[in-house]
There are 2 protein chains.
Amino acid sequence: MRISKPTIDDVARVAGVSRATASRVLNDAPGASGPVRARVHDAVAALGYRPNETARALASGRQRTVDVLAITYGPNEGWLGGHPYYSRVLAGMMSVLEAVDVQLRLCAVGSDATPAAIDAIAANATAGAVLATVTPTMAARFHRRCRRAVSLVATAPSVPAIEADNVGGAYTAVQRLHARGRGRIAAIHGPAGNPCAIDRRTGYRRAMRQLGLPDISADGDFLRAGGYQAALRLLDRHPDLDAMFVACDLMAAGAVQAIAATGRRVPDDVSIVGFDDSVAAICANPPLSTMRLPVEEMAAAATRLLLAGTVPTGHRERFAVDFVERGSTPRSTA
Amino acid sequence: MRISKPTIDDVARVAGVSRATASRVLNDAPGASGPVRARVHDAVAALGYRPNETARALASGRQRTVDVLAITYGPNEGWLGGHPYYSRVLAGMMSVLEAVDVQLRLCAVGSDATPAAIDAIAANATAGAVLATVTPTMAARFHRRCRRAVSLVATAPSVPAIEADNVGGAYTAVQRLHARGRGRIAAIHGPAGNPCAIDRRTGYRRAMRQLGLPDISADGDFLRAGGYQAALRLLDRHPDLDAMFVACDLMAAGAVQAIAATGRRVPDDVSIVGFDDSVAAICANPPLSTMRLPVEEMAAAATRLLLAGTVPTGHRERFAVDFVERGSTPRSTA
DNA sequence: TGTAGGCGCGGAAGCGCTCTCAGCAGAAGG
DNA sequence: CCTTCTGCTGAGAGCGCTTCCGCGCCTACA
């Protein structure tokens, strides 16, 4: 029965070396060799010693933890649970962190977070942070206090960002629908303030204008039920609709259900293009044609940037958003 | 331009007090009062000071971080990205952690993780860990090195667990199907070694035996594509099937698509009950009737247990798994 | 006036580790 | 035999914070 966990001093004592030497071999640092290394390793094994990461971080000033900052919208619904987006961000980050044995820390703040709360997180994000869903204000604040940050949405110009071409994606979506012979293309947009929602709406409008088609829009909330309701409203007001561009798959899944509920068929009567290529898209029936947001890749890129060291202020990368064809759009260019 | 971040010593100096006193007021500890508190707070504000959590953790021996240990199955597919389960675990945990300002740390290990890797995580999980998906071996190992652990699946009897009644849930699912007049009830099970999969299979078999119905089983992998394929195989071999019990919603969503692909209708020709009540269930079309696994509640309970202090060895809680009726089962008791 | 007792505060010893620096051996060179 | 260099090793000073201990002061009670 051990009284308390063994420390590096115990290891050093058992191995008959100094603490400095023990530290050297534990870190594979040069300047220790021959039988000493072996003795230290034996001592580690004998004691079941595991270095204390906290002490290590304090002494070295380096942390093996990168943070992700995310806003929790409402109670229950916004944070991770409700939306597949977050899990994809985490998956992308973990895929690169796992290999280098760095841990990921989740920091949630409300959408009404005080600057002080942001500062507190920034002050402790030594290894850096990925800003997953943040307001421009928060991102700017965070970046002022912690340079090692990269955002996954476009914010203030100074804060490094890895963004998706949301405008282009929405534009493409409308084009595809039009190329398949659709002319009454409605849109279900995301929540008002959301930067992604704004961009996707912009892309839709731009395409519709260029195509000379009427803007038929409804507002949603990026959640399934919102998509369902919005689709119902749209169908009620515009019974002649033949396509919908929906700003996220979760809403699109709801829209498919709503369309089915009115007795129409997807994709024959109403075609749908979603956005995100999330798990919701493959679970819908028919599976959704959608605009693939390379979230995992973006998150991985952001993480690599952080791991590499300093992130140049104003750094910017833009990922393409590609069309993925599945069952909710007609195959032929009818 | 600050050279380096202010420390508590800076605060103490500016406030004209000792470091000990500054520490007291920063921690709202007794033994400091009157104008001193105000002076310290002023100094904090003036310097933009934020305590270093690492140093704090080292000195106090307490961490404001709870870990979640999860296995990454294959490349890309298992971890978070592929399965909605993880995001629900995280959501449940965050809902309680957020309120007490504790952070969550994700630790991923492969299914082939060495004991040493587990030990390393256990040694640093001061505040405790929720074992989300682990093998019984891993759980036992972890618990030996770190008593503050609670598993979300049943494992060795000694390791505290908060589990769902998977057996009972599966049993209920079959009963419901039978009560609605279904007699040819097939099952799509989860991967062989998975504890949850095993329990759900047990529940299915028990119910079928009691009902005097034939066991018609296929194996899946807890992913959508696996459910799709399994359903196709089942339908091919047993064209007279009138119901399916599917061990997870993701697979069930695939099964719905497969059934539709063979020209059958859900729920009229083939009824389906899924398992989990995940986002996949509400995205499917028709939305899936499913067995609700209260993952968020379980994860929250586990987290609260950890936060409360020591977890009694062998502690056990069992959550009920309830039937949620949606569109994939017939309304009437035809 | 004397002695407890309580309160606010400062001094200082760590928490477990890293890392600089100096020391000391042995090899190489004169 | 003495010097210079190199390569291991250990002593010790922190990293930024918490917390124990004890000192002085003030109030209370005898």
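Numbered from 1 within each chain, the chains take letters A, B, ... in sequence-line order. These values consider heavy atoms only, across backbone and side chains, with no hydrogens, waters or symmetry-generated copies.
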Exercise. Could you encode protein contacts along nucleotides 9-15 of chain D as a string, one character per nucleotide from 5' to 3', using B for base contact, S for sugar-phosphate-only contact and - for no contact, with a heavy-atom cut-off of under 4.0 Å?
Key: BBB-BBB
Self-check item: Terminal helix-axis angle for the helix from C/dT1-D/dA30 to C/dG30-D/dC1, with five pairs defining each axis and rounding to 10 degrees
Solution: 50°
Quiz prompt | Partners meeting salt bridge (charged side-chain N to carboxylate O under 4.0 Å, His left out) with B/Arg105 (sequence neighbours left out) | solution = B/Asp67
Quiz prompt | Residues that B/Arg144 engages under salt bridge (charged side-chain N to carboxylate O under 4.0 Å, His left out), provided they are two or more places apart | solution = none
Quiz item: Taking all atoms of both residues into account, what is the closest heavy-atom pair of B/Phe319 and B/Ala301, and its distance?
Solution: CZ-CB, 4.1 Å
Self-check item: Counterpart residues, side-chain contact (heavy atoms from CB on, under 4.5 Å), relative to B/Leu104 (two or more places apart)
Solution: A/Leu106, B/Val68, B/Leu90, B/Met93, B/Met94, B/Leu97, B/Leu106
Quiz prompt | Qualifying salt bridge (charged side-chain N to carboxylate O under 4.0 Å, His left out) pairs, either residue in residues 303-317 of chain B, two or more places apart | solution = B/Glu163-B/Arg316
Self-check item: Partner set under salt bridge (charged side-chain N to carboxylate O under 4.0 Å, His left out) for A/Asp9, not counting sequence neighbours
Solution: A/Arg19
Quiz item: Which residue pairs pass the side-chain hydrogen bond (donor to acceptor under 3.5 Å, both in side chains) test with at least one member in residues 112-129 of chain A, sequence neighbours excluded?
Solution: A/Gln63-A/Thr126, A/Asp119-A/Arg141
Quiz prompt | Span of DNA chain C in contact with chain B (heavy atoms, under 4.0 Å) | solution = C/dG8 to C/dG16
Quiz item: Got a sec, which residues hit salt bridge (charged side-chain N to carboxylate O under 4.0 Å, His left out) with A/Arg50, two or more places apart in sequence or on another chain?
Solution: none
Quiz item: Hey, does A/Arg62 reach any base, or is it just sugar-phosphate, or nothing, if we go heavy atoms under 4.0 Å?
Solution: sugar-phosphate
Exercise. Give the rounded distance in Å between these two atoms: CG of B/Asn27 and P of D/dC20.
Key: 13 Å
Practice problem: Only counting residues at least two apart or in another chain, list the ones meeting side chain to side chain donor-acceptor pair (under 3.5 Å) with B/Thr155. | Solution: none
Quiz item: For A/Ser18, which residues count as a side-chain contact (heavy atoms from CB on, under 4.5 Å) partner, sequence neighbours excluded?
Solution: A/Ala20, A/Thr21
